[in-house]
Amino acid sequence: MTAVHYFVEAENLSKRFKTKDGELTVFENANFGIHKGEFVCIIGHSGCGKSTIMNILAGLDGASDGALFMDMKEVGGPALERGVVFQNYSLLPWLSALKNVTFGVRARWPQWSREQVREHAYKYLQMVGLGDGAEERKPFELSGGMRQRVSIARAFAIEPKLLLLDEPFGALDALTRGNIQDELLKIWSETHQTVFMITHDVDEAILLADRILLMTNGPYARIAESVKVDIPRPRDRTTIIHDPGYYPIRNHLVDFLVMRSKELAGGPGAEREVKAETGKPDGYVRVFPAEVNPARDIEALPSEQAAQAANQ
Amino acid sequence: MLQSLNMRATVLAFAFLAVILGIWEMANQAPKAKEALTEYEILMGGADQEARVPPPSKVIGLAVEELSDPFYDKGPNDKGIGIQLGYSVYRVLSGYFMAAVIAIPIGFLIGMSPLMQKAMNPFIQVLRPISPLAWMPLALFIIKDSEASSIFVIFICSIWPMLINTAFGVANVRKDWLNVARTHELSPLRTAFTVILPAAAPTILTGMRISIGIAWLVIVAAEMLVGGTGIGYYVWNEWNNLDLTSVIFSILMIGIVGMLLDMALSGATRLVTYKE
């Protein structure tokens, strides 16, 4: 592995919880990086610790072992340079949609005038398709999709260096999800934020991401693969399925989730590829996820899928 | 017209009122004199051998009379009902607001810090069940002023519901909202005012509403003890004057003022309640 300087870098990140019967290792030795401006998704089954990784990235939770760096500085706690979109929206119910966004904007730029804050917040609400009166409504008067739009606007409006999305569309119906995915793609292409997103949805990950991290089942989960999504942008939900790379990637991901996430699941004595790094103390081992590019690497797939992919 | 639920409820309520007043009026009629009244009987107001509860017609008559001039002051034994109620409301509100000023910040502290919660809990558990009037002798001894002592009794009885509800509301603010505050790097003070206070406000106001109810219950008893002025004193004084019509009238006034206080707090609660 050549020394690449990632914008965000996780170094042997582990999380253990104390339980009645001893220690439970949720995941261990997670190593991954995110480049500036990159859109990275992470997929894995429930319980593999995706949300815990997200909380550590946000600074809301601490790792048991290992370290996390952003912009060459260690992440020690929550900060405005990392915006979070929570799964359950987490809007403040006593504030209107606009006030929920200005809440973040005012925290980010306390020296701004009231008018400036309002204008900035309103701009981002319009970017997610809210405005014309909807901004004065309270969250309980908004549909689930609109609430998540407000939550996305709040996160984008503070212009964070890293945007963290925790299954943002998990609770939405398919039609709404599609629409908001489009909005998200649009804003992302305008702002080129660095994004890290948790999802359960394989198609969503292919549509949005530059790279997809695959996690094995927990406990002792690990990040097994880093799958490159080699499909040109701008992408569109209706045409992306015709890209020759689409099905090879999709099949690779589904195969991983159905079969290999279980097989590759670690245990306390799981074998690890030992690779000594220069300039580090003895015994220091870092295992990076295997990098794969199913779209350009058809022969690397299991034969059955390769045949299927070739037929596309 | 009778279709609306409110309309039907109003009609039924008036029917109940008529039945109750009717029975009350009937049951308390003095028997008709069978022969000419003696001079003594005329002086005593009739041939009846036992005293009767005054019928509603008399109470209503007194109410009209009293309420048409509620603020007259003819010396310590004869003040208008408005003045007496005014004294009681003044004592209740002063004790109540002093309690709020202390209970809400301490409740915040207890709600935010598990350490403080554990350290303060024994004190709260022991002090809370004490009847507020039990403090009266000690208050009179220390404060040496009956007026201030009754305010202190109100203070001590209204503090607990506010303290406990504030602590509960603050401790149960949703973790998600606190995480929003943390990811926006809000200072503890700003988090307290912009996230925790609005989130806990409905619970705090519920505690304040319970407190005002208790305070109004206690002030009547406290004023019966310390005397001088106030609606509690008025009730007891009219009992000593054997004026039962005034006693019943003041009981009704206590109920009406208590209801108004509760309505004010319930209105305030509605202002800070949010839907999710």
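Per chain, numbering begins at 1; letters A, B, ... match sequence-line order. We use all heavy atoms of the structure for the numbers below, so side chains are in, but hydrogens, waters and symmetry mates are not. What you are looking at is a predicted structure, and each value in this text was computed from that prediction instead of being measured.
Within a 6.0 Å radius of OH in B/Y87, no more than 12 heavy atoms belonging to other residues, nucleotides or ligands are found. Surrounding CZ of B/F193 are at most 12 heavy atoms belonging to other residues, nucleotides or ligands under 6.0 Å away. Residue B/F168 places its CZ atom among 12 or fewer non-hydrogen atoms of other residues, nucleotides or ligands, all under 6.0 Å distant. With a 6.0 Å radius and a threshold of 12 heavy atoms from other residues, nucleotides or ligands, A/K186 has its NZ atom above the threshold. In B/Y90, the OH atom is not crowded: 12 or fewer heavy atoms of neighbouring residues, nucleotides or ligands sit closer than 6.0 Å.
Listed options A/A79, A/G59, A/G77 were ranked by heavy-atom pairs under 4.5 angstrom with chain B; first place goes to A/A79. Top candidate by heavy-atom pairs under 4.5 Å with chain B, chosen from A/P139, A/G104, A/P160, is A/G104.
With sequence neighbours excluded, the residues forming a salt bridge (charged side-chain N to carboxylate O under 4.0 Å, His left out) with A/E38 are A/R211, listed by chain and number. Taking the ring pair (Phe, Tyr, Trp, His ring centres under 6.0 Å) definition, one finds that A/H192 meets it with A/W188, sequence neighbours left out. The ring pair (Phe, Tyr, Trp, His ring centres under 6.0 Å) search around B/Y233 returns none, not counting sequence neighbours.
Interface with chain B: from residues 85-103 of chain A, residues A/F86, A/N88, A/S90, A/L91, A/L92, A/P93, A/W94, A/F103 qualify, criterion being any non-hydrogen pair under 4.5 Å.
Contact of B/A199 with chain A is made through backbone and side chain together, with heavy-atom distances under 4.5 Å. Within the 4.5 angstrom heavy-atom criterion, atoms from both the backbone and the side chain of B/V195 approach chain A. Interface remark: B/T273 contributes no atoms to any contact with chain A (heavy atom separation under 4.5 Å).
B/K275 contributes atom NZ, which lies 7.5 Å from atom CD of A/E141 (distance to the nearest 0.5 angstrom).
Closest approach of B/E185 and A/L80 over heavy atoms only: OE2-N, 2.6 Å.
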